[in-house]
There are 2 protein chains.
Amino acid sequence: MFTLAEENYLKTIYHLQQNVGVEVSTNAIAEKLETKASSVTDMVQKLADKQVLSYVKYKGTTLTEKGNEIAVNIIRKHRLWEVFLVEKLHYSWDEVHEIAEQLEHIKSESLIDRLEEFLGFPKVDPHGDPIPDQNGQFKKVEKQLLSQLAKGQKGICVGMKESERNFLRYLDKRSIAIEAEITVISKEDFDDSMQIEVNGNRFFISKKIAENLYVKIF
Amino acid sequence: MFTLAEENYLKTIYHLQQNVGVEVSTNAIAEKLETKASSVTDMVQKLADKQVLSYVKYKGTTLTEKGNEIAVNIIRKHRLWEVFLVEKLHYSWDEVHEIAEQLEHIKSESLIDRLEEFLGFPKVDPHGDPIPDQNGQFKKVEKQLLSQLAKGQKGICVGMKESERNFLRYLDKRSIAIEAEITVISKEDFDDSMQIEVNGNRFFISKKIAENLYVKIF
DNA sequence: AAATATATTTAGACCAGACTAAAAAAATGA
DNA sequence: TCATTTTTTTAGTCTGGTCTAAATATATTT
């Protein structure tokens, strides 16, 4: 069995591996977990003893097969609970993260499978991220920044990088919300601003905005 | 904010106060929590500092108003989660306790109220115990041992003291289950055994059995 | 390649929460 | 009442997880 702290380390290392590459640095983990590098060294050594990751001094860590499984399972729990919170308890998709952070650590052999069934085996969470199945299998869904789309492309809004109050209000005014279809009408080369269409309305948005919105292309 | 351990102490002390009287002894707490008396002393002193209970050396502890509130709130969470597990995820009423023990510690301002609404504001949990409302108010429901009923009285089965495998099987054979109506047909003075009727069937049950079944009288 | 800067690890400490063993208070009983 | 038993507390230790400060490795600059 793994403690709450151990589970959080595994999950964080998993996420960092996705983004960066294979070896994850001590400092990267420390930053994500808002802790000190020395604490990370301690924990990483302990997790190496437990065979869930391999660790080479001064070089970094990678999850083992077993560590990967555990991390994916935590992510599965996190995302299913998020679906529950949004669909059943009517939270909005940007409120659920911290509650799901707690729920993902509930220990039970059967709970999460029953929850999954209750929710009707959803494939993605409220942020558009895929939900691993019981065996940890899932398709990587193309989630990219709106700024990466070319003229003419359409994407479904699935989330945002930062979710500051002001930014949310900005989006709200333009009825840009999760699940909204966004079409790139035109794109300016000199400042990377773009014109987009959402629900039949057209606006100009700056590079900064376009770099804060995630979309999926189908 | 209170830690998981602190919350468990408060809950336990609350339950012990109900059963016994006002002052709760160190040993009683230790036994319920399956820990050592010395550990209890430490924790109880800490909780006294935090104003949630009053503690007099060698005499025992009682919850303060504030401590009581916190305990009732944890119990509210526990019971609502149990309803969720039984009604939505189709667990049986004797499987849910350990999962609810974990879920009751999830921290969120709004979560439990939303869950309560989702469940349709249930009044009792799957064991027949009342669910406190948002203000911690609830009616004490008459839950008593079947052995305490007199000839002719009817009760609804709401739970059992011990829930050993063998005992459960014994009950199952006689179709004694949660929500079953039990009528005391006769009672023997010399050994406290009784004849009961359940679903139209009559059996004799021993004192031991009658002391393990909880019923509510309406 | 030497000097400096950055990243990482080690050593030693702390806190929460538990434990053991011993001391002290309270309850029991001859 | 005085001795014994039981309950409770104290003192000191341990583990998990964290921290700071100092030491060591690696990377970068000149």
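All chains are named by letter (A, B, ...) in the order of the sequence lines, taking the proteins before the strands, and each is independently numbered beginning at 1.
- Contacts of B/T41 with the nucleic acid, taken as non-hydrogen atoms under 4.0 Å apart, include base atoms.
- The interatomic distance linking A/D42 (CG) with D/dT15 (C1') rounds to 13 Å, in whole Å.
- The CD atom of A/E31 sits 11 Å away from the P atom of C/dT8 (whole-angstrom rounding).
- Regarding B/K57, its NZ atom lies at a distance of 9 Å from the C1' atom of C/dA24, rounded to whole Å.
- At D/dT9, none of the side-chain N or O atoms of B/Q45 fall inside 4.0 Å of OP1 or OP2 (strictly under the cut-off).
- For B/H97 and B/H127, the gap between ring centers reaches or exceeds 6.0 Å.
- Separating the CG atom of B/L33 from the C1' atom of C/dA16 is a distance of 16 Å, rounded to the nearest angstrom.
- Atom-to-atom, CD of A/E34 to P of D/dT18 comes out at 13 Å; the value is rounded to the nearest Å.
- Atom-to-atom, CE of A/M43 to P of D/dC19 comes out at 11 Å; the value is rounded to the nearest Å.
- The pair A/R76-A/D113 meets the salt-bridge criterion, since a charged nitrogen lies less than 4.0 angstrom from a carboxylate oxygen.
- Ring planes of A/W81 and B/F84: tilted class, angle from 30 to 60°.
- Residue-environment remark: CD (A/E31) stays at or below the threshold of 12 foreign heavy atoms within 6.0 Å.
- Between B/K36 atom NZ and D/dT13 atom P there is a gap of 19 Å when expressed in whole angstrom units.
- Heavy-atom neighbours of A/K207 NZ from other residues, nucleotides or ligands within 6.0 Å: at or below the threshold of 12.
- In this structure, B/E6 places its CD atom 14 Å from C1' of C/dA18, rounding to the nearest Å.
- Below the 3.5 angstrom threshold, one finds a donor paired with an acceptor across the side chain of A/S38 and the base of D/dT20.
- Considering only the side chain of B/S25, D/dT8 comes nearest among C/dT10, C/dA18, D/dT8.
- Between A/N27 and C/dT6, a side-chain N or O to OP1/OP2 separation shorter than 4.0 Å is absent.
- Nearest to the side chain of A/T35, among D/dC19, C/dT8, D/dG16, sits D/dC19.
- When heavy atoms are screened at a 4.0 angstrom cut-off, B/S39 is found touching base atoms of the nucleic acid.
- Looking at which nucleotide of DNA chain D each of A/Y58 and A/A37 is closest to, the 5′-most match is held by A/A37.
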